[in-house]
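Worksheet: one structure, shown below.
In the text below, chain A, chain B and the rest are named by the order of the sequence lines, each starting its count at 1.
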There are 2 protein chains.
Amino acid sequence: MGHTVKAVAQLAGVTIRTLHHYDAIGLVRPGERTESGYRVYGRRDLERLQQVLFFKELGFGLAEIKEILERPDFDRRQALLDHRELLTHRKDRIERLIKAVEQTLESMEEGTMLEESVWFDGFDHSRYEEEARQRWGHTDAYRESRERTAAYTEADWSGVAAEQTGILKEIAALADRRPDDPDVLQTIGRMHSLISERFYACSVEMFRGIGELAVTDSRFTATYEKLRPGLAAFYASAVRAYCDRSQT
Amino acid sequence: MGHTVKAVAQLAGVTIRTLHHYDAIGLVRPGERTESGYRVYGRRDLERLQQVLFFKELGFGLAEIKEILERPDFDRRQALLDHRELLTHRKDRIERLIKAVEQTLESMEEGTMLEESVWFDGFDHSRYEEEARQRWGHTDAYRESRERTAAYTEADWSGVAAEQTGILKEIAALADRRPDDPDVLQTIGRMHSLISERFYACSVEMFRGIGELAVTDSRFTATYEKLRPGLAAFYASAVRAYCDRSQT
DNA sequence: CTGGACCCTCACGCAACGTAAGAGTGTAGC
DNA sequence: GCTACACTCTTACGTTGCGTGAGGGTCCAG
């Protein structure tokens, strides 16, 4: 009927110690115990273990995973859909690693000098981890964002995008000022409001995290740098200054 | 010229703390230090960091990586070739994870009962980690094996394969005996000798590890079970018994 | 000079188990 | 019934690779 720890461990590719640990922290508990104390896992337990291993694969800590799985509105199907997408991105990352290796090898064959940034392409976890966390870590915000935008038309999206780009351009025009210049802060505040109004209730701390992405996530960095060299760092500083003042 | 920690951290997708740590343990040291103590990393340092991150990506511990990189015969090009291959296998694994998700989703749509082993396909790290370790952990054995087999002809390979299969079939025929039956042990000993003679000097401990693979690695398990149901476990037990006695 | 970004060292703490010890359980074979 | 082996349990110390914070120095533009 059910499985004991050795069978489950082999089935799932984890150790018996891991199963003990997960039981101890209440993450994955066996449905039954024999009279002699043996753990017996049933189908539902294995389903849950699968979910745990997926989230773990995506970089979540065990306490985080436990919290997520215990939300009243946790939806297994939706989780699997998200996992699939995130795993696809993970696969993209491996492909980029492979490409980096190949490019390194080629440059060695040809005796050419490869730009150093190519060497490390694929090692930056942050974009994927942040993506996963956006999906599940800030789930309230993500859900609210999806609810609000569900009915957006193409025109709505264009309007929001235009507004965002407009604000960014204004910030770019102010980039020769100090990050805490009143006009800069006021413009940053408009970006904060835009997110809160159009996407989700964005706390100061969340906004601060978004600001940091400008310099830690190469996609964001590239976006800002296109508008004006140095804008990524300036934007990050300005958001930081704005958030510092919003807490006094 | 060189880079300080912030630039390197961003370039490589690691933290400054990580760079401090790697310096502290002598894994990746900056080529220079300014008068004020700032670390300055040069190109060679970044090359080494790349190597470290690749090995780390493949599951090696930092001490292991250090040891590997410090071998007199460490060959960067060969390492990159190996990394590419192992990364390809890693990619295969992600694809299997994706497939498992998709199959789980399909069975949910159709209300069918999916076999539980499908749920966890892709989560078994051991085959990939063992493969990496075979490449680098037991490098002496791997290298010796490659040297010996480099000149093997198709006929040689057929001969070795036939010999292996022959021994396995004999073991299968003895599988209704106890794992420590004298005939069983003697036949297992012939397998051990075959590996040592045809591939590499295989210590008892290494052979013990190979025996365990029969039950922990699904490729091996499948091979043995094809010959006879239950053979994988029997083989593992027999190898274990053989190794236990070979140490007295 | 000031402020902000960057840098340093030191050091405590933590997550997720790995490993081992000591002891009980289940079952097939003698 | 006994024995041996595979499996199980709980307890608990230890490990690896940093994260975080404290306290203080350096660099450079305004």
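At least one donor-acceptor pair under 3.5 Å links the side chain of A/Asp45 to the backbone N or O of A/Gly42. The backbone N or O of A/Glu47 lies less than 3.5 Å from no partner atom in the side chain of A/Arg76, so there is not a single donor-acceptor pair.
Using a cut-off of 4.0 Å between Lys/Arg side-chain N and Asp/Glu carboxylate O, A/Glu57 and A/Arg90 are scored as salt-bridged. Taking the charged nitrogens against the carboxylate oxygens, A/Arg48 and A/Glu70 do have a contact shorter than 4.0 Å, which makes a salt bridge. Ion pair A/Glu85/A/Lys91 not flagged as a salt bridge, since none of the NZ, NE, NH1 or NH2 atoms sits closer than 4.0 Å to an Asp/Glu carboxylate oxygen.
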Seminar exercise, completed: With B for base contact, S for sugar-phosphate-only contact and - for none (protein heavy atoms under 4.0 Å), nucleotides 15-23 of chain D reads --SBBB---
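Separating the NZ atom of A/Lys66 from the C1' atom of C/dA15 is a distance of 15 Å, rounded to the nearest angstrom. Here D/dG30 presents its P atom at 14 Å from CG of A/Asp181, a figure rounded to the nearest Å. When the C1' atom of C/dA5 is taken as reference, atom OH of A/Tyr235 falls 20 Å away, rounded to whole Å. Between A/Leu27 atom CG and C/dA15 atom C1' there is a gap of 13 Å when expressed in whole angstrom units. We find that CD of A/Glu35 is positioned 18 Å from C1' of D/dC7, with the value rounded to whole Å. Rounded to whole angstrom, the span from the CD atom of A/Gln10 across to the C1' atom of D/dA6 amounts to 12 Å. Between A/Arg39 atom CZ and D/dC9 atom P the separation is 5 Å, expressed in whole Å. Look at CG on A/Leu19: it is 16 Å from C1' on C/dT19, rounded to the nearest Å.
In this structure, the nucleotide among C/dG24, C/dC7, C/dG4 sitting nearest to the side chain of B/Tyr38 is C/dC7. Proximity note for B/Val5 (side chain, C-beta onward) versus D/dC27, C/dC8, C/dG26: the nearest is C/dC8. The B/Thr4 side chain lies nearest to C/dC6 when the options are C/dC6, D/dC27, C/dC8.
In this structure, B/Phe54 has its ring center under 6.0 Å from that of B/His83.
For A/His20 and C/dC17, the shortest distance from a side-chain N or O to OP1 or OP2 is not below 4.0 Å. Checking the phosphate oxygens (OP1, OP2) of C/dG4, no side-chain nitrogen or oxygen of A/Ser237 falls inside 4.0 Å.
Contacts of A/Arg33 with the nucleic acid, taken as non-hydrogen atoms under 4.0 Å apart, involve only primed sugar atoms and P, OP1 or OP2.
The one candidate from A/Thr4, A/Asp23, A/Thr34 that meets the side chain to side chain donor-acceptor pair (under 3.5 Å) condition with A/Arg39 is A/Asp23.
Of the residues near DNA chain D, A/Ile16 and B/Ser36, the one whose nearest nucleotide (by heavy atom distance) lies more toward the 5' end is A/Ile16. Both B/Thr34 and A/Gly37 sit near DNA chain D, but only A/Gly37 has its closest nucleotide nearer the 5' end.
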